[in-house]
Enquirer: 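I am attaching a structure below and will ask some questions about it afterwards.
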Number of protein chains: 2
Amino acid sequence: MATANRPCVEGGHVCGIDISMEVIGGKWKVLILWALHEHPRRRFGELRRLVPGITEKVLASHLREMEADGIVDRVAYDEVPPRVEYGLTKDGMRLNDALEPLAAWGRERRQSA
Amino acid sequence: MATANRPCVEGGHVCGIDISMEVIGGKWKVLILWALHEHPRRRFGELRRLVPGITEKVLASHLREMEADGIVDRVAYDEVPPRVEYGLTKDGMRLNDALEPLAAWGRERRQSA
DNA sequence: CGGTATCCACCTTGATACTG
DNA sequence: CAGTATCAAGGTGGATACCG
């Protein structure tokens, strides 16, 4: 995303949530992140199937943003037909871990709903 | 937000992140949540000051959505001039707790940047 | 004070077609 | 296979003015 947002300052200390939200803000980002966590080293086409409903364009642009944000790494093999593999960086994995409590909150909520 | 999203199913189990993202998806939601966590029981005008840059309309609509999602509670006192106080529900506090690791991730990232 | 009412600009997402 | 190009649509957020 890389768009600077107003810092989130409360009572003199910076909360950091704003940064995280910029990185996972897209509609599909967390889904891609999750898919890559569950299925490491995935190819573009596989990823598209793992995130049902996403279009090629949106998947491509989100992957590019996530790469720029340093949470996804992309490896292109010089073959015919072309092959590209996506995976999580260390930072991407840590982000996924940081997302887990949030996922748990969502799951609980689904129960009670 | 309350808009139903495609469930996020990976390897047969539901990840729950999608639910959470619907709830905190708005541009300002986490900031409001954070502000209410740092400053419990806040009035509309105070809240507006605590979240710099937000407009009345957006603050009002976000508060309403968060109320509908059960993470914010609103108490209107029948006085003149009118007074309304907002606070976090139990669920809202748990959501805030679940957000903390994400905030920590963002803070670390700000360091290294 | 605590909001609504309008109106609008932008951005994200999406459908479809095409290419190295 | 792994994208890009183009165009369209819709929703989110924002500016401003006004109300009980």
Side-chain angles (χ1 to χ4, degrees), chain A residues 1-6 8 17-18 21-33 35-36 39 41-69 72-87, chain B residues 1-8 18 21-33 35-36 39 41-69 72-87:
Chain A
M1 202 128 265
T3 48
N5 201 355
R6 195 174 303 270
C8 163
I17 269 287
D18 52 337
M21 289 308 289
E22 282 173 25
V23 173
I24 60 169
K27 184 180 177 182
W28 304 94
K29 295 254 182 93
V30 291
L31 268 27
I32 297 170
L33 202 68
L36 277 175
H39 310 270
R41 300 265 109 226
R42 237 53 191 181
R43 302 179 60 173
F44 187 88
E46 298 175 304
L47 228 33
R48 184 169 35 153
R49 261 165 266 128
L50 285 171
V51 185
I54 199 169
T55 62
E56 294 157 331
K57 175 192 163 185
V58 172
L59 177 55
S61 70
H62 279 193
L63 281 171
R64 243 166 260 308
E65 287 176 359
M66 295 168 82
E67 199 192 347
D69 284 331
V72 158
D73 81 312
R74 192 191 107 117
V75 181
Y77 299 88
D78 197 9
E79 302 174 359
V80 177
R83 182 163 63 103
V84 177
E85 282 186 0
Y86 293 91
Chain B
M1 203 128 267
T3 47
N5 202 353
R6 195 176 300 271
C8 163
D18 51 337
M21 289 308 289
E22 282 173 25
V23 173
I24 60 168
K27 184 178 178 182
W28 304 93
K29 295 254 181 92
V30 290
L31 268 28
I32 297 171
L33 201 68
L36 277 175
H39 310 269
R41 299 266 107 227
R42 236 53 191 183
R43 302 179 61 172
F44 188 87
E46 298 175 305
L47 226 33
R48 185 169 34 152
R49 262 166 265 126
L50 285 172
V51 185
I54 198 169
T55 62
E56 294 156 334
K57 174 193 164 186
V58 172
L59 178 56
S61 69
H62 278 193
L63 281 171
R64 247 165 252 309
E65 288 175 358
M66 294 167 83
E67 199 190 349
D69 283 331
V72 159
D73 82 313
R74 193 190 106 116
V75 181
Y77 299 89
D78 198 7
E79 303 173 357
V80 176
R83 181 162 63 102
V84 178
E85 282 185 359
Y86 293 92

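If you're wondering where the values come from, they're calculated on a predicted model, not measured in any experiment. Lettering follows sequence order; numbering is per chain, from 1.
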Enquirer: Quickly work out the A:Leu59 CG to D:dC1 C1' distance and round it to whole Å.
Expert: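 Checked: the CG to C1' distance equals 13 Å.
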
Enquirer: Nearest-Å distance, CG (A:Asp78) to P (D:dG3)?
Expert: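 One finds 14 Å between P of D:dG3 and CG of A:Asp78, rounded.
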
Enquirer: How does each nucleotide of nucleotides 1-8 of chain C score, in 5' to 3' order, for protein heavy atoms under 4.0 Å: base (B), sugar-phosphate only (S), or none (-)?
Expert: BSBB-BB-

Enquirer: For C:dT13, does OP1 or OP2 lie under 4.0 Å from any side-chain N or O of A:His62?
Expert: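 The answer is yes; a side-chain N or O of A:His62 sits under 4.0 Å from OP1 or OP2.
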
Enquirer: Is any side-chain nitrogen or oxygen of B:Lys27 closer than 4.0 Å to OP1 or OP2 of C:dC11?
Expert: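 So the side-chain polar atoms of B:Lys27 never come under 4.0 Å of the phosphate oxygens OP1 or OP2 of C:dC11.
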
Enquirer: Assess whether a salt bridge exists between B:Arg41 and B:Glu85, defined as any Lys/Arg side-chain N lying under 4.0 Å from an Asp/Glu carboxylate O.
Expert: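 Yes.
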
Enquirer: Enumerate the residue pairs fulfilling side-chain hydrogen bond (donor to acceptor under 3.5 Å, both in side chains) with a member in residues 53-64 of chain A, sequence neighbours excluded, ordered by first and then second residue.
Expert: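 Applying side-chain hydrogen bond (donor to acceptor under 3.5 Å, both in side chains) to every pair that reaches into residues 53-64 of chain A, excluding sequence neighbours, yields A:Arg48-A:Glu56.
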
Enquirer: Give the angle between the helix axes at the two ends of the helix from C:dC1-D:dG20 to C:dG20-D:dC1, taking five base pairs at each end and rounding to 10°.
Expert: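 So the angle between the two local helix axes works out to 50°.
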
Enquirer: Output the rounded distance in Å from NZ (A:Lys29) to C1' (C:dT13).
Expert: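 It is 13 Å, rounded to the nearest whole Å.
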
Enquirer: Could you check how far CD of A:Glu79 sits from C1' of D:dA2, rounded to whole Å?
Expert: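 It works out to 13 Å between those atoms.
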
Enquirer: Taking atom NE2 of A:His39 and atom CD of A:Glu46, what is their separation to the nearest 0.5 Å?
Expert: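 Reported to 0.5 Å precision, the distance equals 9.5 Å.
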
Enquirer: Starting at atom OH of A:Tyr77, determine the distance to atom P of C:dG20, rounded to an integer number of angstrom.
Expert: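 Computing the A:Tyr77:OH to C:dG20:P distance gives 25 Å.
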
Enquirer: Going from CG on A:Asp73 to CG on A:Leu63, what distance comes out if it is rounded to the nearest 0.5 angstrom?
Expert: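 Between A:Asp73 CG and A:Leu63 CG, I get 11.0 Å after rounding to 0.5 Å.
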
Enquirer: Is the shortest side-chain heavy-atom distance between A:Leu59 and A:Leu47 below 4.5 Å?
Expert: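 SC-SC contact between A:Leu59 and A:Leu47 confirmed.
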
Enquirer: Drop me the distance from B:Lys29's NZ to B:Glu22's CD, to the nearest 0.5 angstrom.
Expert: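 The NZ atom of B:Lys29 sits 9.5 Å away from the CD atom of B:Glu22.
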
Enquirer: To the nearest 0.5 angstrom, please state how far the CZ atom of A:Arg74 sits from the OH atom of A:Tyr86.
Expert: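 Nearest 0.5 Å value for the CZ-OH distance: 4.5 Å.
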
Enquirer: Does B:Lys27 pair with A:Asp18 as a salt bridge, N-O distance under 4.0 Å?
Expert: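 No.
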
